[in-house]
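Keep in mind the model is a prediction, meaning the values are calculated, not measured.
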Amino acid sequence: MSAATFRTAVVRVPNGPDSIEIIDVPVAEPGPGQIRVAIAAATVNPTDLGVAAGFFHAIGLVQQPEHTGLGWEFAGVVDAAGPGVDLAVGTRVAGLVAGFDRDYGTYAEQIVVAAADVAPVPGGLDLLAATTVPLNGLAAAQVVDLLGDAPAGAGRLLVTGAAGAVGANVTVLARECGWQVTGLARAGDEEFVRGLGADFTAHAEPEWDAVVDPAQLNDQALKLVRDGGAYVGLRPGLEPPTERGISVTSVVTAFDRTRLADLLTRTAAGELPARVYAGVSLDQAADAHRATAKGGLRGRYIICP
């Protein structure tokens, strides 16, 4: 009798969306402290496009000899639990598989992870919306940690890509830390950005106290920061060189179960935006990558295996 398998999206020789393959891999049983999740939704993030393009291979973060998996975020239902796990089969969860060097990721029908690497999804939040929270929500929260509370009299913050998945969350969370936030986005996104409680601009002028740069404008964004201000990016190692006394940092998104649970609860309550553009099948992963690369999406494509 043949062993049970499941489908997952991988890249053998990275060359953009055309190099994405769907393969069958053996089903694994969860060990001590682990769960197996039947994945209902996995987010297509810009990071995944970088993996498929070979960017992270080129800088030495991917060492897989045969293939590397795609996808960081997932939401689904626990379908098996190993010894010592207090999550019941049938529990809806969302989680994050961090790091680049792995043979498969969350673009998959199932995944085995540590039970400590997921948080329960509240009843009022559907799984497609929930899957946009672990990477994008935690990245935003940790960006705001790097910013800290707004300094007295110097709290003007510009968020690039404010209508995007990370930018919208930064906009909400930074306001709660006292920042006077202006979102930089396309003109068609003005109503959405203002709905987050921020000011809006489609063309930013310099002299901001701080700039958070989810849109990865890099040097262009740094020019908008006043002397002695702060710049926070989202791609470690690729931030612009510091100048004019500006503090330059980048977020390295780390898993935080307690915080994820809070972000999921707040998303369910409508306090944080869930940015779902469309759901697609696993076989449409390459198409979702092509569409994401064009930019301008309001939200993320979601792989629904």
Side-chain angles (χ1 to χ4, degrees), residues 1-45 47-54 56-57 61-85 87-118 121 127-128 130-131 134-135 255 278-290 292 300-305:
M1 188 169 133
S2 60
T5 61
F6 67 94
R7 302 171 77 231
T8 184
V10 301
V11 171
R12 293 183 204 275
V13 181
N15 187 31
D18 291 338
S19 59
I20 298 173
E21 299 177 50
I22 312 299
I23 65 170
D24 291 302
V25 296
V27 169
E29 294 302 319
Q34 293 184 322
I35 54 172
R36 188 174 64 217
V37 178
I39 295 177
T43 319
V44 176
N45 285 300
T47 304
D48 304 327
L49 275 62
V51 173
F56 297 104
H57 294 69
L61 291 181
V62 177
Q63 307 285 348
Q64 293 297 322
E66 290 192 23
H67 54 72
T68 188
L70 294 166
W72 290 54
E73 297 176 288
F74 66 92
V77 177
V78 176
D79 79 352
V85 170
L87 279 171
V89 169
T91 304
R92 300 185 331 138
V93 295
L96 179 65
V97 180
F100 296 91
D101 202 24
R102 46 200 161 84
D103 54 1
Y104 71 94
T106 65
Y107 294 16
E109 292 174 334
Q110 56 183 246
I111 195 165
V112 172
V113 294
D117 288 347
V118 301
V121 174
L127 292 174
L128 267 70
T131 194
L135 184 61
F255 187 76
V280 298
S281 71
L282 192 56
D283 294 310
Q284 294 171 291
D287 293 334
H289 273 226
R290 291 186 193 98
T292 300
R300 299 284 195 231
Y301 272 96
I302 309 296
I303 306 289
C304 301

Would you check if [X] and [Y] make a side-chain contact, meaning some heavy-atom pair closer than 4.5 Å?
X    : Y    : value
V10  : L70  : no
F56  : T47  : yes
D48  : T43  : no
I303 : V280 : yes
H67  : D103 : yes
I22  : Y107 : no

>> To the nearest 0.5 Å, what is the distance between CD1 on I302 and CD on E73?
In response: 7.5 Å
>> Nearest 0.5 Å, please: how far is SG in C304 from CG in L282?
In response: 10.0 Å
> Between E66 and R12, is there a side-chain N and carboxylate O pair less than 4.0 Å apart?
Replying inline: no
Look at the side chain of [X] and the backbone N and O of [Y], then say whether any donor-acceptor pair between them is shorter than 3.5 Å.
X    : Y    : value
T68  : R102 : yes
E109 : F6   : no
T131 : L128 : no
R300 : N45  : no

Nearest non-hydrogen partners of [X] and [Y], listed with the distance:
X   : Y    : value
S19 : A52  : OG-O, 3.5 Å
P17 : H289 : CG-CB, 3.9 Å
V44 : A288 : CG2-CB, 4.1 Å
A41 : P305 : N-CD, 4.3 Å
A94 : A130 : CB-O, 4.2 Å
A81 : V89  : N-CG2, 4.4 Å

>> side chain to side chain donor-acceptor pair (under 3.5 Å), that's the test. Do D79 and Q110 meet it? Break it down for me.
In response: CA-CA 9 Å; D79 79 352; Q110 56 183 246; 4.8 Å; no
>> Assess the residue pair R290 and D18 against the criterion (side chain to side chain contact (heavy atoms under 4.5 Å, CB included)); give the C-alpha distance rounded to whole Å, side-chain angles, the decisive distance to 0.1 Å, and a yes or no.
In response: CA-CA 9 Å; R290 291 186 193 98; D18 291 338; 2.5 Å; yes
> Per the side-chain contact (heavy atoms from CB on, under 4.5 Å) rule, which among L96, T8, I111 passes with T106?
Replying inline: I111
